[in-house]
Amino acid sequence: MKVVIFGAAGAIGSKALKSCLSRNYDVTAFVRNPSKLPPEFVTHPNLTIIQGDAVDSEAVEAAIEGQDAVIQSAGYGSDFSFPWSDKSGSELSMRIVRTVVDAAVRVQTKRTREGKSPLRVWNVSGLVVMDYPPSSSSPQLCMADLLPFIHPEHKANLQYFKQHGDTLDWSILCPGLIYDGDPRGPLDVSVEAPSKLWSNPWVIPGRLPVIGAALNSVYNFARLGVTFGTLGEYMADNLGPGGDFSKNRVTVFEKKVSQGLIDPKAPLIAIDHIAKSLWSSGGK
């Protein structure tokens with residue numbers, strides 16, 4: 001397996017790098033600053049390091065040439081969208097994703113002529129682009145439509161994959177809160193909408209049209225967690241043909257991490273999480 005990782009020095013990309021190398025994959029790390037790569041991997045015999053900018057279309061295409069799979073984690077976790085917010089992070093994330101998708105499509109055009117299978121592409125996004133679990137009180141809709149101020153670039157990136165990535169075997173990884181540490185498991189994996197660990201706690205407010213769904217979404221954002229290590233391992237383990245994950249959104253929770261947050265204070269945790277997000281985005 002040959003895989004290129006964009007953002008390989010980041011919190012998620014470095015875990016994907018570790019997981020791929022531990023499986024003896026041939027890995028290309030595409031990074032702006034090679035000095036930020038984990039030093040224990042720099043001399044690994046299966047690692048090729050490319051220093052470059054993920055919005056440089058020619059460099060990105062050259063890095064994807066000859067690969068079996070792509071992990072795109074650069075530019076993850078940027079800004080909230082408020083009038084006072086700095087939009088540079090969101091804009092950079094969208095530029096990176098569009099550059100990677102367009103380059104991968106060009107490479108795939110050549111692969112198709114050679115009779116090769118579609119490139120496998122994972123893009124790291126967020127829980128906000130999963131669908132709200134359907135219920136009798138709420139229609140099926142994307143949580144990004146309920147909470148448009150939470151990382152709006154994630155929805156834009158999803159739409160770009162849908163509109164321009166039809167020749168690729170892509171999946172969008174949509175984690176909730178991410179914690180430091182190694183995998184804890186067991187996993188709860190869902191496609192398109194979160195399932196088993198989702199909870200609607202506010203009995204009356206939570207049943208209100210649209211507003212109730214937004215409240216329940218915020219509550220679950222604060223309690224459904226996963227570790228960086230698990231995200232890296234999950235993508236490394238799923239670099240073959242996408243199957244049910246192909247052209248879909250996929251969310252992964254760790255039951256031990258998430259269940260550790262299920263307590264009577266969870267609504268307060270949810271409110272605190274949003275308040276801190278507002279503060280950090282510039283609404284001081």
Side-chain angles (χ1 to χ4, degrees), residues 2-17 20 27-37 48-81 85-109 118-129 144 148 150-175 178 228 231-232 234-236 239 247-250 281:
K2 295 181 179 180
V3 55
V4 58
I5 303 174
F6 294 94
I12 297 175
S14 62
K15 294 299 185 182
L17 174 65
C20 288
V27 183
T28 297
F30 190 103
V31 291
R32 281 189 301 174
N33 188 349
S35 67
K36 292 185 178 181
L37 286 168
T48 299
I49 300 172
I50 296 178
Q51 183 175 10
D53 192 329
V55 297
D56 181 337
S57 59
E58 292 184 2
V60 169
E61 182 175 349
I64 296 175
E65 287 277 7
Q67 307 290 344
D68 301 308
V70 176
I71 292 176
Q72 162 28 40
S73 63
Y76 170 79
S78 49
D79 308 314
F80 280 63
S81 180
S85 300
D86 178 3
K87 303 296 191 300
S88 59
S90 290
E91 292 169 356
L92 178 61
S93 171
M94 290 186 286
R95 287 182 63 200
I96 290 173
V97 167
R98 291 176 183 184
T99 301
V100 171
V101 170
D102 291 348
V105 168
R106 291 193 296 272
V107 171
Q108 182 56 47
T109 299
L119 269 169
R120 184 75 175 109
V121 181
W122 277 100
N123 182 70
V124 180
S125 184
L127 183 59
V128 71
V129 295
I150 297 183
H151 298 296
E153 72 279 4
H154 290 328
K155 183 178 180 183
N157 291 338
L158 170 63
Q159 290 173 331
Y160 200 82
F161 266 94
K162 287 183 174 181
Q163 293 168 2
H164 300 277
D166 58 301
T167 61
L168 305 174
D169 184 5
W170 57 263
S171 297
I172 307 294
L173 186 63
C174 307
I178 312 175
F228 286 108
L231 295 179
Y234 192 80
M235 288 188 288
L239 292 179
K247 296 181 174 58
N248 271 329
R249 296 156 287 168
V250 182
S281 68

Could you list the residues that satisfy salt bridge (charged side-chain N to carboxylate O under 4.0 Å, His left out) with R120, not counting sequence neighbours?
D169
If the condition is salt bridge (charged side-chain N to carboxylate O under 4.0 Å, His left out), which residues does R106 pass it with, not counting sequence neighbours?
E61
Side chains of [X] and [Y], heavy atoms from C-beta outward: is any pair under 4.5 Å?
| X | Y | answer |
| --- | --- | --- |
| D68 | L239 | no |
| V97 | E153 | no |
| W122 | I5 | no |
| V124 | L231 | no |
| V3 | I71 | yes |
| I96 | F6 | no |

Inter-residue atom distance [X].[atom1] - [Y].[atom2], 0.5 Å rounding:
| X | Y | atom1 | atom2 | value |
| --- | --- | --- | --- | --- |
| R98 | Q163 | CZ | CD | 8.5 Å |
| S125 | L158 | OG | CG | 7.0 Å |
| S14 | L37 | OG | CG | 8.5 Å |
| K2 | I64 | NZ | CD1 | 15.0 Å |
| L173 | Y234 | CG | OH | 8.0 Å |
| T99 | L92 | OG1 | CG | 9.0 Å |

Heavy-atom pair with the smallest gap, counting every atom of [X] and [Y]:
| X | Y | answer |
| --- | --- | --- |
| S35 | N33 | OG-OD1, 2.5 Å |
| S73 | G13 | OG-CA, 3.4 Å |
| V31 | A9 | CG1-N, 3.6 Å |
| N157 | S93 | ND2-OG, 3.2 Å |
| A69 | L119 | N-CD2, 4.2 Å |
| A63 | F30 | CB-CD1, 3.7 Å |

Atom NZ of K36 with >12 non-hydrogen neighbours under 6.0 angstrom
no
Among N123, V105, V4, V60, which one satisfies side chain to side chain contact (heavy atoms under 4.5 Å, CB included) with V100?
V60
Evaluate I12 against M235 for side-chain contact (heavy atoms from CB on, under 4.5 Å), listing each step before the verdict.
CA-CA 10 Å; I12 297 175; M235 288 188 288; 3.9 Å; yes
Donor-acceptor pair, side chain of R249 and main chain of V129, under 3.5 angstrom:
yes
Verify, without hydrogens or angle tests, whether Q51 (side chain) and P34 (backbone) share a donor-acceptor contact under 3.5 angstrom.
no
Decide side-chain contact (heavy atoms from CB on, under 4.5 Å) for K247 and W170; before the verdict, give the C-alpha distance in whole Å, the side-chain angles of both, and the deciding distance to 0.1 Å.
CA-CA 5 Å; K247 296 181 174 58; W170 57 263; 3.6 Å; yes
Filter on salt bridge (Lys or Arg N to Asp or Glu O under 4.0 Å), then keep only pairs touching residues 154-166, sequence neighbours left out; what's left?
D145-K155
